[in-house]
Amino acid sequence: MSKESQNAAELQSVKSEKDYSKYFDFSGAKVIKETEGKTTYRIKGRDITINSAPSYKNEKSRGKEEIQVHYDFVIPPQIAKLGQGKFYLIATYGCQMNEHDTEVMRGLFEEMGYQATEDRQQADVILLNTCAVRENAEDKVFGELGHLKHLKIEKPGLILGVCGCMSQEESVVGRIMQKHPFVDIIFGTHNIHRLPQLLQDAMFSKEMVVEVWSKEGDIIENLPKKREGMRAWINIMYGCDKFCTYCIVPYTRGKERSRRPEDVIAEVRDLARQGFKEITLLGQNVNAYGKDFEDIQYRFGDLMADISKIDIPRVRFTTSHPRDFDDHLIEVLAGGGNLVEHIHLPVQSGSSEVLKRMSRKYSREMYLELVGKIKRAIPDAVLTTDIIVGFPGETDEQFEDTLSLVSEVGFHSAYTFIYSPRVGTPAADMEDNIPMEVKKARLARLNSLIAELSRVSHERMVGQLVEVLVEGESKNNAHVLSGRTRTNKLVHLEGPREWIGQFIQARVTDSQTWYIKAEPIIEPSAQEAVS
């Protein structure tokens, strides 16, 4: 085998149950150069340097490699002024974890001298921070790339990058390289800290640079972040080991690895000193926090107990898995204080049979038992959830089980989705035997039930006093402010712009399906209980 053929073969995905090698079939590509483990190919007239390529097989493996924690991150001096006089724009798709990743990348950009802009014509760098959880999220990104192609033609010096979860997928990276060669940088979720070097490589080499680590790598602690507003995201752990059959996250985010508690607590204290009013602790499976520690016994309940002693008004977390929601965590949350009463607890289906095919590792009965424990310990708890309809093999009766569970729990809101097959997951090989019109009809029925439960819950709140963290002005009326209660209810109330970022006591006056209206209580002496 020639050296060129050998290198092309090495880029092919290792065959497993499904053959993904077609996504990296560069048999017609010409090898331009090979240096320090990097290979540069010429594909359809574009030079592409591959530092490392994604691999489904490697992303699925869970090795015993020790995760190191690094505190010595610095941007190399020769890159530190790369962005002086230049502008960046990041378009973010998907979950709160992606929002947090964007905060880190914004911090990196600004340490290099770049300035933020929302004007694509002004931007010198545009990054698409992508989501891979649903097919429509990927479709949006590829549609956006189509629009950006014309901008790239107008501005050849524009650096265009794709990062985030989509970049961890072999099929996506292969498609970009073959169909969208005007993209300059592709990198994944594990090597965000490498953004400065990748920008430099793409800027000066004029090549597409691909660097996607299939293995998680270490935890980089002191990355810069640019946060705005009164709320902050805090990543307390990375990855997921649950491998639900429909979910791509364990492949795109890697194995579970927790930040050290002292580092998390130090970050929370720093945010409190900066005056942030609310923090949200993040993890793909946030309440699995600490399971990977071998030197200490310290779990999510312990972390929440320690954070409850810090002077920051509100503490939230997302997203949790029912299997890891233990009694100690419930006990800690029941203590209240700055630990809010809103709990997002994804159920995905109300049918034990469907949950088994999803590999959720709990039954309908186990989920309902957990909900009962939470409600007994925290009577005013507000529960929200995620639900998938139309999972392969879901019968009418099994869908009815979902509706009955939703009614029994009394969810206040839910993120609802039609099942979307993701390449590389076990469910993608299951027979998808439910017609789309049936899936859409089920989704409509589910959404109608959720809307009714939300409306009823809001009607019960009329007359109650609530504490509102005012977040901004209404888009339609500058005299109307919007904010959130402790239980994450959206509130509209009238008041001056100076209230933005403040806590306001208000009485609920009217209920709508998805929000409530309230009247501010100006007198500081009003000290009734709040919800």
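What you see is a predicted model; the values in this text were computed from it and never measured.
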_For Glu267, salt bridge (charged side-chain N to carboxylate O under 4.0 Å, His left out) partners two or more places apart_ = Lys225, Arg227, Arg259
*Once you round to the nearest 0.5 Å, how far does CG of Leu443 lie from CD1 of Ile387?*
10.0 Å
*Once you round to the nearest 0.5 Å, how far does CD1 of Ile504 lie from CG of Leu481?*
8.5 Å
_Looking at Tyr289, I'd like to know if the NZ or CZ of Arg299 sits under 6.0 Å from its six-membered ring centre while staying within 45 degrees of the ring's axis._
no
For [X], what residues pass the ring pair (Phe, Tyr, Trp, His ring centres under 6.0 Å) criterion, not counting sequence neighbours?
X: Tyr419; value: Phe391
X: Trp213; value: His193
X: Phe187; value: none

[X] and [Y] ion-paired at < 4.0 Å:
X: Glu353; Y: Arg357; result: no
X: Asp432; Y: Lys439; result: yes
X: Glu228; Y: Arg106; result: yes
X: Asp241; Y: Arg257; result: no

Count the heavy atoms belonging to other residues, nucleotides or ligands that lie under 6.0 Å from [atom1] of [X], then report whether that count exceeds 12.
X: Arg269; atom1: CZ; result: no
X: Asp139; atom1: CG; result: yes
X: Lys140; atom1: NZ; result: no
X: Lys375; atom1: NZ; result: yes
X: Gln274; atom1: CD; result: yes
X: Gln68; atom1: CD; result: yes

Would you say the side-chain atoms of [X] and [Y] include a donor-acceptor pair closer than 3.5 Å?
X: His321; Y: Asn285; value: no
X: Asn129; Y: Thr102; value: yes
X: Thr485; Y: Thr487; value: yes
X: Tyr246; Y: Arg360; value: yes
X: Thr92; Y: Asn98; value: no
X: Thr245; Y: Arg422; value: no

Partner residues of [X] under the side-chain hydrogen bond (donor to acceptor under 3.5 Å, both in side chains) criterion, sequence neighbours left out:
X: Thr130; answer: none
X: His328; answer: none
X: Tyr515; answer: none

Side-chain donor/acceptor of [X] to backbone N/O of [Y], under 3.5 Å:
X: Gln297; Y: Phe293; answer: no
X: Asn433; Y: Gly393; answer: yes
X: Thr384; Y: His412; answer: no
X: Asp292; Y: Ser258; answer: yes
X: Asp510; Y: Lys517; answer: no
X: Thr425; Y: Ile248; answer: no

With sequence neighbours excluded, residues passing side-chain contact (heavy atoms from CB on, under 4.5 Å) with [X]:
X: Cys247; answer: Cys244, Val249, Pro250
X: Thr318; answer: Gln96, Thr280, Leu282, His344
X: Ala266; answer: none

*Please work out which of the three classes, parallel, tilted or perpendicular, describes the rings of Tyr415 and Phe417, given edges at 30° and 60°.*
parallel
*Give me the ring orientation class for Phe317 and Phe325: parallel if the planes are under 30° apart, tilted from 30 to 60°, perpendicular past 60°.*
tilted
*Indicate yes or no: at least one non-hydrogen side-chain atom of Pro261 is less than 4.5 angstrom from one of Asp302.*
no
*Does Arg314 reach the side chain of Arg486, with side-chain heavy atoms less than 4.5 Å apart?*
yes
*Sequence neighbours left out, what pairs pass salt bridge (Lys or Arg N to Asp or Glu O under 4.0 Å) with at least one residue falling in residues 315-326?*
Lys242-Asp324, Glu278-Arg316, Lys291-Asp324
*What pairs of residues pass the salt bridge (Lys or Arg N to Asp or Glu O under 4.0 Å) test when at least one of them lies in residues 389-401, not counting sequence neighbours?*
Glu394-Arg442, Asp396-Arg442, Glu400-Arg445
